[in-house]
Amino acid sequence: MTWLTVALVLVAAAAGLLRWRRPAWYWMTFGVTLAALRVLVRYGSVMDACGLTVPAPRWRLTLARMTNRPVPGPRAPRILRLRVTRTGLVLRLKLRPGQDAFDVAASCDRLRHSFALYGVTSREVRSGVVELRMTGYDVLKRVQMPARVDTRPMRVPVALREDGAVHFRDYRTVPHGLTLGATESGKSVYQRTLVAALASQRVALVGIDCKQGVELFPLARRFSALADNPDTAAELLDALVSHMQDVYQLIRAEQRITADVPDADIAADIWSLPEDLRPVPIVVMVDEVAELALFATKEDEKRRDRIITALVRLAQLGRAAGIYLEICAQRFGSELGKGITMLRAQLTGRTAHRVNDESSANMAFGDIAPDAVLAAIQIPTDTPGVAVTGDSSGGWALVRAPHTSLRQAVNVCNRHADLTPDLPALAPFRPALGTLAPVPAPAIESAPAAA
């Protein structure tokens with residue numbers, strides 16, 4: 001008995017230590033069993049307390065009276081499947097007649113407390129079937145992406161959702177995106193993670209970084225074109241518009257609209273073309289769009305109108321030509337001048353990191369997901385990288401990208417430098433990859449004193 005007591009104490013101490021230092025390990029060793037038992041044992045009473053039950057049908061009440069049996073109680077949604085994941089549980093429920101998926105979504109917070117889990121979210125799988133994703137610990141505190149993810153062409157994993165699922169950036173579904181965030185909110189890390197994820201794909205990366213290239217130029221070996229000032233950016237965007245028009249001419253020449261060609265084979269974008277004729281898709285990354293929209297002189301205003309017009313044209317027409325925009329900004333409102341709201345309306349994917357005011361959050365979600373505005377302004381300052389993501393469907397989720405240092409992103413880009421396509425239209429903007437010039441020695445007055 002003494003040895004059994006010592007063993008139990010050691011197991012309890014190990015479980016407590018794992019829960020404190022390694023929540024993911026604790027979940028896979030102890031937490032998943034305890035949580036599954038809690039859910040299955042408490043399920044009926046919890047659903048009844050949350051108002052997620054319906055009275056028994058009349059035929060059962062009639063049958064109970066005829067056979068002189070006890071009256072059947074209220075019925076909870078039927079459990080179709082309970083699946084264990086590395087971050088929590090997935091509970092699929094079949095709703096009873098008269099129940100609605102909104103009732104389950106409104107009860108998620110009460111279910112979280114009742115089942116003693118970290119978080120509960122719900123989504124409607126199909127009519128009458130709801131899926132509850134339960135997380136056993138804070139998956140956004142220390143982001144650990146799965147070892148294997150379902151990557152496809154132009155679909156890359158960039159973050160982890162609060163329910164433990166992987167958040168993908170799918171350019172073929174959501175062609176253009178907007179990323180907002182204040183200084184030190186994690187916007188640059190999100191951008192690095194996206195570049196590192198795209199580096200291994202057959203895609204051309206084009207960057208516009210008007211901060212003299214400090215963010216994107218270290219990754220230059222994987223970029224087909226880079227601009228570090230507004231003047232070069234204007235010329236680069238004009239070249240992209242010209243390239244887009246050439247791609248449309250190619251699509252027109254290869255449409256093959258004849259009576260014997262099936263409808264699915266008629267080309268309307270680059271993905272309908274044969275693989276040997278398909279142009280390389282292009283992802284255009286703008287690091288800070290405000291630097292392109294601000295002006296001080298008449299000449300700057302002409303350049304600004306030229307840049308914004310080109311961006312709007314790419315946003316409206318670029319998808320079929322395989323040109324996708326990824327625009328970053330601290331603010332993206334009408335104070336940046338004419339054409340900005342037109343451009344913002346074309347950016348379907350929205351990601352907002354911590355912002356300094358409510359109006360900045362409204363710029364991202366006010367027109368597509370008003371409920372996400374409150375979540376965006378509640379992101380604490382001590383959690384850089386946490387962001388709210390949404391699209392035009394009105395749904396939104398809390399995500400966090402894994403911390404990708406600049407050195408890690410540089411290593412990934414250098415490793416896949418051989419995949420960088422050489423586009424003739426963008427050849428004048430190909431970054432020079434020569435050796436760096438030596439840094440001059442500091443002046444005597446600024447040199448640190450010897451210890």
Side-chain angles (χ1 to χ4, degrees), residues 14-43 46 79-93 104-105 107-125 129-152 155-170 186 189-190 193-194 196-197 351 353 372 375 378-380 382-390 395-404:
L17 183 62
L18 286 177
R19 187 172 187 178
W20 175 44
R21 300 295 297 175
R22 291 289 186 269
W25 296 1
Y26 167 79
W27 172 255
M28 296 304 297
T29 52
F30 300 98
V32 61
T33 304
L34 299 176
L37 289 176
R38 277 198 308 269
V39 170
L40 295 176
V41 171
R42 301 180 184 177
Y43 179 75
V46 167
I79 299 178
L80 296 179
R81 184 176 65 183
L82 178 63
R83 180 166 58 91
V84 176
T85 67
R86 68 184 189 91
T87 59
L89 302 173
V90 178
L91 190 65
R92 184 163 291 191
L93 306 177
V104 181
S107 302
C108 283
D109 198 53
R110 287 180 287 176
L111 295 174
R112 175 174 69 91
H113 290 291
S114 301
F115 291 137
L117 292 168
Y118 184 82
V120 176
T121 58
S122 72
R123 71 179 184 94
E124 185 177 358
V125 178
V129 178
V130 174
E131 187 176 84
L132 293 177
R133 296 190 68 95
M134 309 178 183
T135 51
Y137 58 96
D138 186 2
V139 298
L140 301 184
K141 185 177 181 180
R142 182 183 296 173
V143 177
Q144 294 179 342
M145 300 292 285
R148 295 181 180 179
V149 291
D150 182 19
T151 58
R152 304 169 191 169
R155 180 177 182 265
V156 293
V158 293
L160 198 65
R161 291 176 176 256
E162 61 179 337
D163 60 0
V166 177
H167 175 63
F168 291 91
R169 182 69 177 92
D170 191 345
V189 175
Y190 179 86
T193 305
L194 183 58
T351 302
H353 294 74
Q378 289 180 341
I379 298 176
D382 59 346
T383 57
V386 175
V388 178
T389 183
W396 61 275
L398 205 63
V399 301
R400 191 176 193 181
H403 180 71
T404 303

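The first residue in the sequence is number 1, and the count goes up from there.
Of all heavy-atom pairs spanning Val139 and Gly164, the tightest one is CG2-N, 4.1 Å. Closest non-hydrogen pair, Leu117 versus Gly136, comes out as CD2-CA, 4.3 Å. Taking every heavy atom of both residues into account, Pro402 and Val158 meet most closely at CD-O, 3.5 Å. Contact detail for Phe168 and Pro157: the closest heavy-atom pair is CD2-N, 3.7 Å.
With a 6.0 Å radius and a threshold of 12 heavy atoms from other residues, nucleotides or ligands, Tyr118 has its OH atom at or below the threshold.
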Show the numbers, then the answer: is there a side chain to side chain contact (heavy atoms under 4.5 Å, CB included) between Arg83 and Arg133? CA-CA 10 Å; Arg83 180 166 58 91; Arg133 296 190 68 95; 4.1 Å; yes

Run the side chain to side chain contact (heavy atoms under 4.5 Å, CB included) check on His353 and Ile379 step by step: do they pass? CA-CA 8 Å; His353 294 74; Ile379 298 176; 5.6 Å; no

Set out, in order, the CA-CA distance, both residues' side-chain angles and the distance that settles side chain to side chain contact (heavy atoms under 4.5 Å, CB included) for Arg161 and Thr121, then state yes or no. CA-CA 11 Å; Arg161 291 176 176 256; Thr121 58; over 6 Å; no

For Val84 and Leu89: C-alpha separation, side-chain torsions, deciding distance, then whether side chain to side chain contact (heavy atoms under 4.5 Å, CB included) applies. CA-CA 5 Å; Val84 176; Leu89 302 173; 3.9 Å; yes

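Rounding to the nearest 0.5 Å gives a distance of 15.5 Å between CZ of Arg148 and CE of Met145. Annotation: the span from Arg169 atom CZ to Thr193 atom OG1 amounts to 14.0 Å, rounded to 0.5 Å. Separating the OG atom in Ser107 from the NE2 atom in His113 is a distance of 12.5 Å, to the nearest 0.5 Å. Atom OH in Tyr43 sits 10.5 Å away from atom CG in Leu82 (nearest 0.5 Å). With rounding to the nearest 0.5 angstrom, the CG atom of Asp163 is 7.5 Å from the OG1 atom of Thr87.
Looking at heavy atoms from C-beta onward, Cys108 lies out of side-chain contact with Met134 at the 4.5 angstrom threshold. Considering only heavy atoms from C-beta on, Val166 comes within 4.5 Å of Pro146 through its side chain. Considering only heavy atoms from C-beta on, Leu93 comes within 4.5 Å of Ile79 through its side chain.
Using a distance-only test at 3.5 Å, with no hydrogens or angles considered, a donor-acceptor pair links the side chain of Arg38 to the main chain of Ala116. A donor-acceptor contact shorter than 3.5 Å links the side chain of Arg155 to the backbone of Asp150. Under the 3.5 Å distance criterion, the side-chain polar atoms of Thr135 are matched with a main-chain donor or acceptor of Gly119. With hydrogens and angles ignored, the 3.5 Å screen pairs no side-chain donor or acceptor of Arg92 with any backbone N or O of Arg81. Using a distance-only test at 3.5 Å, with no hydrogens or angles considered, a donor-acceptor pair links the side chain of Arg400 to the main chain of Pro384.
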